[in-house]
Amino acid sequence: MTQTQVEISVIPSLSHVDAADWDACACPEAADGRPIDPFTTHRFLLALEQSGSVGAGTGWQPQYLLARQNGSLIGAAPLYAKNHSQGEYIFDHNWAQAYERAGGDYYPKLQMAVPHTPATGRRLLVKPAHAALAQSALVQGAVQLAAQNHVSSLHITFCTEEEAEAGTQMGLMPRLSQQFHWVSNGYNSFDDFLASLSARKRKNIRRERAQAAEFGGTIHALTGDQIQPEHWDAFWTFYQDTGARKWGTPYLTRAFFDAAQESLRDDMLLLLAERDGHYIAGALNFIGRDTLYGRYWGCIEDHPCLHFELCYYQAIDWAIRHGITRVEAGAQGAHKLARGYLPIATHSLHWIADDAFRDAVQQFLHAESAAVDEDIEVLTDYGPFKKTASTVDP
């Protein structure tokens with residue numbers, strides 16, 4: 001298929017495209033440093049494939065889109081055919097149930113996303129010099145692919161706000177959701193951050209950190225070559241426990257962490273709690289240019305507040321010390337509010353094939369967006385930071 005001399009093709013594996021060509025679209029900024037986020041890099045998505053975390057039997061079947069002009073790759077997108085709604089974090093289970101009660105088949109559907117990763121980032125990966133053309137071609141190509149294969153819908157999840165605006169102009173339906181992110185206000189230390197909080201919240205965090213320290217061991221912050229294979233052995237045990245409780249089956253395979261050791265360790269911060277020579281808990285983060293992304297946590301011993309320490313406070317502390325200005329702590333969790341993480345809008349885009357069902361979803365999205373906006377406003381006002389007295393003109 002073509003769009004203004006742009007050829008769209010579909011490939012079943014990233015092994016079919018050169019890593020440098022893909023990354024020139026996914027993270028052109030990495031030519032002079034870290035990518036904005038590592039999740040759409042060739043190395044991350046290929047690790048999901050090679051480890052069996054996506055592909056046959058997972059419900060995430062790669063259908064990567066490539067956009068070429070005169071033979072040169074100018075755009076790409078991580079696209080998957082899905083037969084369930086697991087591992088997405090933008091929930092459409094109610095849509096699926098309603099459509100199937102009406103006699104339709106909601107699955108398979110197409111999902112443009114990073115599997116198992118509720119982190120905002122670009123989904124329409126385009127070379128800067130071809131941005132508008134390649135974005136349009138990728139959206140039209142994805143919609144055409146959905147229509148030609150008679151799938152119910154296309155979903156572009158955790159896209160950027162700019163992509164959401166562009167996609168809306170192209171006729172896709174925008175959806176608002178929310179997460180809780182910590183954002184630096186120029187802090188030079190964790191104490192600087194604490195000083196910005198109300199006295200009660202500051203006292204509570206100090207109390208929780210003191211309680212966490214009573215687990216009786218040491219917390220190690222490891223990245224790059226500091227991470228060794230034995231650390232993944234320990235973390236896999238933690239991850240299995242959390243995955244079994246949350247999802248029934250962990251989304252990532254053990255082989256993913258071997259792949260991470262090989263090609264992703266510079267993108268990762270692994271926080272491990274060690275006691276009496278044994279690792280008892282851990283939290284895995286990914287490092288972006290300006291953002292630290294909290295992803296997975298687990299433990300084999302329960303200790304008061306150790307989860308908060310490893311997942312939230314250690315992440316903030318590390319971010320401040322390394323000049324990182326944002327920490328994304330994953331999906332959901334209003335409990336993060338009291339710990340300095342404020343509500344932030346996240347964005348997705350949706351295309352529905354059936355006209356009547358699309359109209360119903362559109363009405364729902366209008367109401368939902370208004371509710372999300374109101375929720376963010378209320379929660380932000382209720383946040384843990386000191387209130388600044390407003391000045392009233394006489």
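- For Asp373, the CG atom is densely surrounded, since the number of other residues' heavy atoms within 6.0 Å is greater than 12.
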Could you walk me through whether Met268 and Leu222 pass side chain to side chain contact (heavy atoms under 4.5 Å, CB included), step by step? CA-CA 8 Å; Met268 300 170 119; Leu222 308 172; over 6 Å; no
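- No more than 12 heavy atoms of other residues, nucleotides or ligands lie within 6.0 Å of CD in Glu377, so this atom counts as exposed by the packing criterion.
- For the pair Asp317/Arg321, a side-chain contact is recorded, criterion being any heavy-atom separation below 4.5 Å from C-beta on.
- Checked by atom type and distance alone, the side chain of Thr160 pairs as donor or acceptor with a backbone atom of Glu163 at under 3.5 Å.
- For NE2 of His278, the number of neighbouring non-hydrogen atoms (other residues, nucleotides, ligands) closer than 6.0 Å is 12 at most.
- A 4.5 Å side-chain heavy-atom check between Pro343 and Asp375 finds every atom pair outside the cut-off.
- Between Phe286 and Phe44, the angle of the ring planes goes over 60°, which puts this pair in the perpendicular group of the 30/60° scheme.
- Ring planes of Phe190 and Tyr313: perpendicular class, angle over 60° (limits at 30 and 60°).
- A distance of 5.0 Å separates CG in Leu14 from CD in Glu49, rounded to the nearest 0.5 Å.
- With a 4.5 Å cut-off on side-chain heavy atoms, Ile320 and Ile316 count as touching.
- Distance NZ/Lys386 to CZ/Arg202: 5.0 Å, rounded to 0.5 Å.
- Every residue two or more places apart in sequence or in another chain was checked for a ring pair (Phe, Tyr, Trp, His ring centres under 6.0 Å) with His130, and none qualifies.
- At least one donor-acceptor pair closer than 3.5 Å links the side chain of His231 to the backbone N or O of Gln228.
- Within the structure, ring pair (Phe, Tyr, Trp, His ring centres under 6.0 Å) pairs that include any residue of residues 149-176 comprise His155-His350 (at least two apart or interchain).
- More than 12 heavy atoms of other residues, nucleotides or ligands sit less than 6.0 Å from atom CD of Glu301.
- Applying the side-chain hydrogen bond (donor to acceptor under 3.5 Å, both in side chains) definition to pairs two or more places apart or across chains, those involving residues 210-225 are Arg207-Gln211, His220-Glu274, Asp225-Arg265.
- Counting heavy atoms from C-beta on, the side chains of Arg123 and Leu349 never come closer than 4.5 Å.
- Between the side chain of Lys336 and the backbone N or O of Trp182 there is no donor-acceptor pair closer than 3.5 Å.
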Chi angles and distances behind the side chain to side chain contact (heavy atoms under 4.5 Å, CB included) call for Gln69, Leu133: CA-CA 10 Å; Gln69 186 177 47; Leu133 176 62; 3.5 Å; yes
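- Remark: the backbone N or O of Ala260 is not paired with any side-chain donor or acceptor of Ser263 at under 3.5 angstrom.
- Both Phe385 and Leu194 belong to a single network of hydrophobic side chains, linked directly or stepwise wherever heavy atoms of I, L, V, M, F, W or Y lie under 4.5 Å apart.
- Side-chain contact between Val183 and Leu342 is absent, with no heavy atoms from C-beta onward closer than 4.5 Å.
- In the hydrophobic clustering of ILVMFWY residues, with side-chain heavy atoms under 4.5 Å counting as a link, Leu176 and Ile376 come out together.
- With sequence neighbours left out, the ring pair (Phe, Tyr, Trp, His ring centres under 6.0 Å) criterion links Tyr64 to Trp22, Tyr80.
- In this structure, the salt bridge (Lys or Arg N to Asp or Glu O under 4.0 Å) partners of Asp258, at least two apart in sequence or on a different chain, are Arg254.
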For the pair Leu306 and Ile280, evaluate side chain to side chain contact (heavy atoms under 4.5 Å, CB included) and give the outcome as yes or no after the intermediate values. CA-CA 10 Å; Leu306 190 56; Ile280 63 166; 4.3 Å; yes
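- Not a single donor-acceptor pair under 3.5 Å links the side chain of Thr117 to the backbone N or O of Ala119.
- Residues passing the ring pair (Phe, Tyr, Trp, His ring centres under 6.0 Å) test with His303: none are found, sequence neighbours excluded.
- The closest donor-acceptor contact from the side chain of Glu208 to the backbone of Phe308 lies at 3.5 Å or more, if one exists at all.
- Hydrophobic clustering (side-chain heavy atoms under 4.5 Å, transitive across Ile, Leu, Val, Met, Phe, Trp, Tyr) groups Leu124 together with Val10.
- Heavy atoms of other residues, nucleotides or ligands lying less than 6.0 angstrom from CD of Glu374 number 12 at most.
- Between Tyr89 and His116, the distance separating the two ring centers is not shorter than 6.0 angstrom.
- Judged by distance alone, with hydrogens and angles left aside, the side-chain atoms of Ser196 form a donor-acceptor pair with the main-chain N or O of Phe193 at under 3.5 Å.
- Among residue pairs with one or both ends in residues 36-47, those qualifying as side-chain hydrogen bond (donor to acceptor under 3.5 Å, both in side chains) are Arg43-Asp267; sequence neighbours excluded.
- Relative ring orientation between Phe235 and Tyr239 is described as parallel, the plane-to-plane angle staying below 30° on a 0-90° scale split at 30° and 60°.
- Linking ILVMFWY side-chain heavy atoms closer than 4.5 Å, directly or via other members, places Ile300 and Leu284 in a single hydrophobic cluster.
- Under a 3.5 Å cut-off, the side chain of Ser85 and the backbone N or O of His93 do not form any donor-acceptor pair.
- The side-chain heavy atoms of Leu264 and Pro38, taken from C-beta on, include no pair separated by under 4.5 Å.
- Side-chain atoms of Arg326 do not come within 3.5 Å of backbone N or O of Ile324 as any donor-acceptor pair.
- Hydrophobic clustering, defined by side-chain heavy atoms of Ile, Leu, Val, Met, Phe, Trp and Tyr closer than 4.5 Å, groups Phe357 together with Trp95, Tyr99, Tyr106, Tyr107, Met173, Ile352, Val361, Phe364, Leu365.
- Under the 3.5 Å distance criterion, with hydrogens and angles disregarded, no donor-acceptor pair is assigned to the side chains of Gln314 and Trp318.
- Not a single donor-acceptor pair under 3.5 Å links the side chain of Ser136 to the backbone N or O of Ala134.
- Under the 4.5 Å side-chain contact rule for hydrophobic residues, Tyr293 and Ile344 do not share a cluster.
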Go through it in stages, so that I can follow the logic: the residues are Leu292 and Ile287, the test is side chain to side chain contact (heavy atoms under 4.5 Å, CB included), and I'd like the CA-CA distance, side-chain angles, deciding distance and then a yes or no. CA-CA 5 Å; Leu292 186 66; Ile287 307 167; 3.9 Å; yes
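- Within a 6.0 Å radius of CD1 in Ile36, other residues, nucleotides and ligands contribute 12 heavy atoms or fewer.
- For Lys82, the salt bridge (Lys or Arg N to Asp or Glu O under 4.0 Å) partners are Glu88, not counting sequence neighbours.
- Scored by the salt bridge (Lys or Arg N to Asp or Glu O under 4.0 Å) test, Arg68 finds no partners at all (sequence neighbours excluded).
- The salt bridge (Lys or Arg N to Asp or Glu O under 4.0 Å) check on Arg295 picks up nothing, with sequence neighbours excluded.
- A search for ring pair (Phe, Tyr, Trp, His ring centres under 6.0 Å) contacts involving Trp232 returns Phe257, not counting sequence neighbours.
- For the pairing with Leu79, the side-chain contact (heavy atoms from CB on, under 4.5 Å) check across Leu145, Ile11, Leu138 returns one residue only, Leu145.
- Ion pair Asp32/Arg289 flagged as a salt bridge, since at least one NZ, NE, NH1 or NH2 atom sits closer than 4.0 Å to an Asp/Glu carboxylate oxygen.
- Under the 4.5 Å side-chain criterion, counting only non-hydrogen atoms from C-beta, Val143 is not in contact with Met170.
- Within the 4.5 Å cutoff, the side chain of Leu73 has heavy atoms near those of the Cys25 side chain.
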